[in-house]
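One structure below.
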Amino acid sequence: KLLRKKYKLIRESILEKDKKDEIIFNKVINDDFVKNCSTILIYVSIKDEVDTLKLIKYFLKTKKIAVPKVENNKIIFYYINNLDELVSGYFGILEPISDEKVTNFNECVCITPGICFDENNYRIGYGKGFYDKFFDETNIYKIGLCYKECIVRKISIDKFDKRVEKVITD
């Protein structure tokens with residue numbers, strides 16, 4: 001809880017966010033795993049998170065895109081064809097109105113949110129465990145997005161925590 005609170009405040013105070021988002025955008029679109037996948041599961045950014053809307057717009061032209069929706073205390077990913085298919089949902093986060101669920105996670109990359117990540121690619125999310133539960137049920141390549149100010153040396157983990165394969169920062 002303390003790390004979550006501390007790094008939310010740090011993220012809120014980040015200067016030159018647009019410049020940092022552009023650096024991360026370019027790293028993501030040039031990542032080999034991203035280039036070679038057919039489907040991207042990606043969160044819709046809010047407030048001070050690394051911007052994913054630009055990534056979504058970019059990839060809608062070339063890949064299948066799916067975004068999460070909270071249902072029965074789980075996240076389910078649904079395909080979207082454009083940003084107009086998103087409406088305000090859980091905690092005011094944009095969610096898909098589509099009913100086309102992702103059921104095949106082969107050739108997928110999951111762009112994963114986090115308030116902070118550690119040097120071993122573990123993350124602190126918003127505390128509900130949605131992504132960890134999802135990762136427990138799927139074998140998927142995971143990329144975390146994070147500003148360099150939100151990288152910590154080590155996060156205390158438990159048996160439910162899942163690490164991402166890579167963290168992309170500015």
Side-chain angles (χ1 to χ4, degrees), residues 1-31 34 40-60 65-71 73-78 80 82-97 109-135 140-158 160-170:
K1 286 182 181 177
L2 290 174
L3 281 177
R4 187 174 292 119
K5 185 175 182 177
K6 175 182 177 179
Y7 283 93
K8 275 185 176 179
L9 290 172
I10 288 172
R11 206 169 59 185
E12 287 172 16
S13 67
I14 286 176
L15 302 174
E16 299 185 318
K17 182 180 181 322
D18 292 344
K19 193 181 285 187
K20 292 171 173 286
D21 285 341
E22 187 66 22
I23 292 167
I24 293 170
F25 171 85
N26 286 310
K27 286 182 177 182
V28 171
I29 67 170
N30 290 301
D31 180 84
V34 171
I40 296 178
L41 310 181
I42 185 167
Y43 67 99
V44 181
S45 56
I46 57 169
K47 298 181 194 166
D48 305 309
E49 291 179 328
V50 172
D51 177 34
T52 60
L53 287 172
K54 185 175 179 180
L55 286 166
I56 293 169
K57 287 179 203 169
Y58 177 86
F59 286 123
L60 278 169
I65 297 295
V67 297
K69 182 176 186 175
V70 175
E71 295 178 343
N73 229 18
K74 291 174 71 169
I75 52 171
I76 310 290
F77 284 87
Y78 290 91
I80 61 166
N82 60 62
L83 293 176
D84 294 336
E85 295 178 16
L86 299 173
V87 296
S88 183
Y90 187 81
F91 278 104
I93 298 168
L94 292 177
E95 293 183 339
I97 55 175
V109 167
C110 185
I111 305 291
T112 309
I115 293 170
C116 61
F117 288 83
D118 74 9
E119 294 171 357
N120 295 311
N121 297 347
Y122 284 99
R123 58 185 274 283
I124 290 190
Y126 290 93
K128 301 290 184 188
F130 294 139
Y131 276 87
D132 290 328
K133 288 176 202 164
F134 172 71
F135 295 148
I140 191 168
Y141 190 85
K142 304 168 281 301
I143 297 175
L145 301 184
C146 185
Y147 299 114
K148 66 184 175 201
E149 291 88 344
C150 296
I151 298 291
V152 301
R153 197 178 68 68
K154 188 166 174 44
I155 292 171
S156 296
I157 59 168
D158 63 31
F160 302 109
D161 292 323
K162 307 293 177 212
R163 60 191 296 276
V164 296
E165 278 70 31
K166 178 187 289 188
V167 178
I168 294 179
T169 72
D170 54 301

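As the structure is a computational prediction, the values presented were derived from the model and not from experiment. All values below were derived from every heavy atom in this structure, side-chain atoms included, with hydrogens, water molecules and symmetry-related copies excluded.
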> Run the side chain to side chain contact (heavy atoms under 4.5 Å, CB included) check on Phe59 and Ile29 step by step: do they pass?
Replying inline: CA-CA 8 Å; Phe59 286 123; Ile29 67 170; 3.7 Å; yes
>> Evaluate Asp132 against Arg123 for side chain to side chain contact (heavy atoms under 4.5 Å, CB included), listing each step before the verdict.
In response: CA-CA 10 Å; Asp132 290 328; Arg123 58 185 274 283; 3.9 Å; yes
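Put simply, the side chain of Tyr122 does not reach to within 4.5 Å of the side chain of Lys154, judged on heavy atoms. Using a 4.5 Å heavy-atom cutoff, the side chains of Lys20 and Glu149 are in contact.
When each of Asn26, Ile111, Ile143 is tested with Asp31 by the rule side-chain contact (heavy atoms from CB on, under 4.5 Å), just one qualifies, namely Ile143. Among Val67, Val70, Leu86, the single residue meeting the side-chain contact (heavy atoms from CB on, under 4.5 Å) criterion with Glu95 is Val70.
A donor-acceptor pair under 3.5 Å is formed between the side chain of Lys17 and the backbone N or O of Glu49. With hydrogens and angles disregarded, a donor-acceptor distance shorter than 3.5 Å links the side chain of Glu165 to the backbone of Lys142. For Asp21 (side chain) and Val50 (main-chain N/O), no donor-acceptor pair under 3.5 Å exists by modelled atom type. Judged purely by atom type and a 3.5 angstrom limit, Thr52 uses its side chain to pair as donor or acceptor with the backbone of Tyr43. At least one donor-acceptor pair closer than 3.5 Å links the side chain of Asn82 to the backbone N or O of Asp84. Remark: side-chain polar atoms of Asp118 are paired, donor with acceptor, to backbone N or O of Ile155 under 3.5 angstrom.
The NZ atom of Lys54 sits 12.0 Å away from the CD1 atom of Ile24 when rounded to the nearest 0.5 Å. The distance from atom OG1 of Thr112 to atom OH of Tyr131, rounded to the nearest 0.5 Å, is 6.5 Å. In this structure, Asp161 CG and Phe135 CZ are separated by 11.5 Å, a value rounded to the nearest 0.5 Å. Summarising the geometry, atom CD1 belonging to Ile168 is positioned 15.5 Å from atom NZ belonging to Lys148; distances are rounded to the nearest 0.5 Å. To the nearest 0.5 Å, atom CZ of residue Arg163 and atom CD1 of residue Ile157 are 9.5 Å apart. Here the straight-line distance linking atom CG of Asp51 with atom NZ of Lys57 works out to 8.0 Å at 0.5 Å rounding.
Environment of NZ in Lys74: sparse, with no more than 12 heavy atoms of neighbouring residues, nucleotides or ligands closer than 6.0 Å.
Between Thr169 and Tyr147, the shortest heavy-atom contact is CB-C, 4.4 Å. Nearest heavy-atom pair across Leu55 and Ile42 is CB-CD1, 3.9 Å. Across all non-hydrogen atoms, the minimal contact from Glu119 to Ile151 is CG-CG2, 4.5 Å. Contact between Pro96 and Ile80 at its shortest, heavy atoms only, is CB-CG2, 3.8 Å. Shortest non-hydrogen contact noted between Cys116 and Cys146 is CA-SG, 4.3 Å.
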Atom pairs and distances, side-chain donor-acceptor, residues 1-10, under 3.5 Å, sequence neighbours left out:
from: Arg4; atom 1: NE; to: Gly125; atom 2: O; distance (Å): 2.7

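Between Phe77 and Phe134, the ring-plane angle classifies as tilted under the 30° and 60° cut-offs.
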